[in-house]
Protein chains: 2
Amino acid sequence: MAAPRKFSEDRLRAAALALVDEKGLAALTMRNLAAALGTGAMTIYNYVDGRDGLERLLVEAVMTAVRPVPGVPSPDWRADLRAVAEAHWRAFRAHPDVIPLVMTRRSLDLPTLAGAEDMLDALARGGRSGARLLIAFRLVSGFVMGFAQAELAGPLSIAPEETAEEVIARVRALPADRFPRLIEIAEAALDSGPEAEFHAGLDLIITGLTSG
Amino acid sequence: MAAPRKFSEDRLRAAALALVDEKGLAALTMRNLAAALGTGAMTIYNYVDGRDGLERLLVEAVMTAVRPVPGVPSPDWRADLRAVAEAHWRAFRAHPDVIPLVMTRRSLDLPTLAGAEDMLDALARGGRSGARLLIAFRLVSGFVMGFAQAELAGPLSIAPEETAEEVIARVRALPADRFPRLIEIAEAALDSGPEAEFHAGLDLIITGLTSG
DNA sequence: CCATATCACGTACGGCGTACGTAATCTCTT
DNA sequence: AAGAGATTACGTACGCCGTACGTGATATGG
């Protein structure tokens with residue numbers, strides 16, 4: 001005893017994600033999404049629990065892209081940890097405008113939890129359990145989140161429509177006697193790129209996990 | 001040739017911070033802040049560059065609380081790194097509702113940069129420079145940011161008006177065969193507390209920095 | 001074939017950021 | 001002493017936002 005729904009949830013998700021990827025997070029409004037779907041604003045409420053549900057949908061869409069991580073689990077827990085961490089990071093980078101939502105919202109949905117469990121599984125196979133497992137998890141997931149955030153909003157972050165050269169020009173304009181190290185790493189960042197930095201940081205963590 | 005200003009910038013900052021600390025980030029509006037100061041909404045625009053400037057003010061207020069870090073610099077770069085990282089983390093935790101702003105906004109203000117330089121200085125005294133310094137910085141600052149985020153929005157985060165016991169009850173309600181490790185660390189989290197986890201994670205990083 | 005449950009969505013309201021205009025207030029010049 | 005000029009205070013109003021509510025359309029079960 002019902003009328004058929006006009007849109008699938010996938011259609012909703014795709015439209016919302018496209019909206020944010022193209023026009024930024026601020027463009028995520030009920031009216032905008034409805035217009036993109038060619039319908040009225042209130043229709044969205046038949047698919048999503050208000051604004052909050054809309055954001056939830058978006059975060060889930062990004063987190064769903066994390067899994068499955070190919071080749072995981074393997075006998076090499078270190079390789080698995082690297083793979084899972086990188087899968088998260090890649091998913092974030094693919095939709096940078098959603099990162100603020102991922103960072104900010106309390107997400108307890110299945111895709112998010114599954115990604116966490118993947119990471120935990122690799123760490124557990126590295127011989128950790130209980131409190132030591134908790135700490136290792138906090139460390140790795142914190143790094144992944146924080147690294148994504150730093151690229152987006154940190155001192156070396158590159159604004160939309162800005163080039164890496166413009167960033168270093170801005171940093172170089174700082175007083176050199178007060179921020180010598182900041183200037184130094186801004187120059188170093190020109191030659192490395194976030195990919196290499198992410199992997200190197202992760203390797204340092206794995207070194208720490210192995211030694212400690 | 002001017003009329004005297006009704007409020008000092010400090011007064012603005014304090015009022016904005018109090019508003020957010022007491023009523024949450026959503027309460028940060030021009031009208032609310034003006035009302036708290038007993039004036040009209042448009043008056044705020046004489047002190048701050050629009051909504052964006054208001055948020056900037058708030059982030060700066062939090063970042064200013066990071067420095068100076070007592071006892072830094074000292075001959076022990078490891079102790080200094082710990083102290084600086086912890087100072088950041090403490091400042092974030094003191095105003096949890098501002099964290100989303102800190103995480104989300106591109107902050108290039110002086111207090112933020114000074115905190116970064118402090119961290120870099122400790123790492124540099126540990127014998128790192130150039131690309132290796134950059135990577136170590138990314139690692140540590142990423143961890144600090146990400147750890148704060150995880151406590152706020154991660155799978156083990158505790159919602160406002162929620163207890164740690166309620167969190168583990170919720171986690172325990174998950175299918176145990178699919179999320180065994182998540183359940184394990186949720187139980188472990190009951191005995192440890194974020195303070196100990198933060199320090200232990202940082203120690204793992206320092207171990208990695210020392211070995212690698 | 002109609003009763004009924006569901007869906008689509010137009011209207012409207014309160015709150016937001018803020019462009020604009022005006023009145024008030026101080027300082028400096030004469 | 002008085003007027004000119006600059007600056008601040010802030011009321012009004014507009015176009016957004018999320019969304020409560022109500023109405024008409026639509027497909028299905030009896």
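The sequence lines fix the lettering, A, B, ..., with proteins before strands; numbering per chain opens at 1. What you see is a predicted model; the values in this text were computed from it and never measured.
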* Ring geometry between Phe198(A) and Phe147(A) (parallel below 30°, tilted from 30 to 60°, perpendicular above 60°) -> perpendicular
* **Asp52(B) CG to dC16(C) C1', straight-line distance once rounded to whole Å** => 16 Å
* So, are Glu166(A) and Arg170(A) salt-bridged, with charged N and O less than 4.0 Å apart? -> no
* To do: For Phe7(B), report the nucleic acid contact type (base, sugar-phosphate, nothing); a contact means any heavy atom under 4.0 Å.
  => nothing
* Structure fact -> Whole-Å distance, Arg5(B) CZ to dT7(D) C1', equals 10 Å
* Asked: How long is the line joining CG of Leu19(A) and C1' of dC17(D), in whole Å?
  -> 14 Å
* To do: Measure from CD1 on Ile44(A) to P on dC7(C) and round the result to the nearest Å.
  => 14 Å
* Nearest to the side chain of Met42(A) - dA9(D), dT19(D), dA19(C)? -> dT19(D)
* **Euclidean distance, atom CD of residue Glu55(B) to atom C1' of dG17(C) [Å, nearest integer]** => 11 Å
* Nucleic acid contacts - residues 23-37 of chain B versus DNA chain D, non-hydrogen atoms under 4.0 Å -> Arg31(B)
* Structure fact -> Between Arg51(A) and Thr43(B), the residue closer to the 5' end of DNA chain D by nearest nucleotide is Thr43(B)
* Between dC17(D) atom P and Leu54(A) atom CG, what is the distance in whole Å? -> 13 Å
* If you look at every heavy atom in His88(B) and Ala116(B), which pair is closest and at what distance? -> NE2-N, 4.5 Å
* Using only side-chain N and O atoms of Tyr45(A), determine if any of them is under 4.0 Å from OP1 or OP2 of dA8(C). => no
* To do: State plainly whether the residues Arg125(B) and Asp121(B) are in salt-bridge range, i.e. N to O under 4.0 Å.
  => yes
* Rounded distance (nearest 0.5 Å) linking atom CD1 of Ile205(A) with atom CZ of Arg82(A) -> 11.0 Å
* Structure fact -> Closest non-hydrogen atoms of Glu151(B) and Trp89(B), given as atom of the first, atom of the second and distance, are OE1-CZ2, 3.6 Å
* Asked: Using 4.0 Å as the upper bound for N to carboxylate O, is an ion pair formed by Arg90(B) and Glu86(B)?
  -> yes
* Asked: Would you say dA9(D) has OP1 or OP2 under 4.0 Å from some side-chain N or O of Asn46(B)?
  -> yes
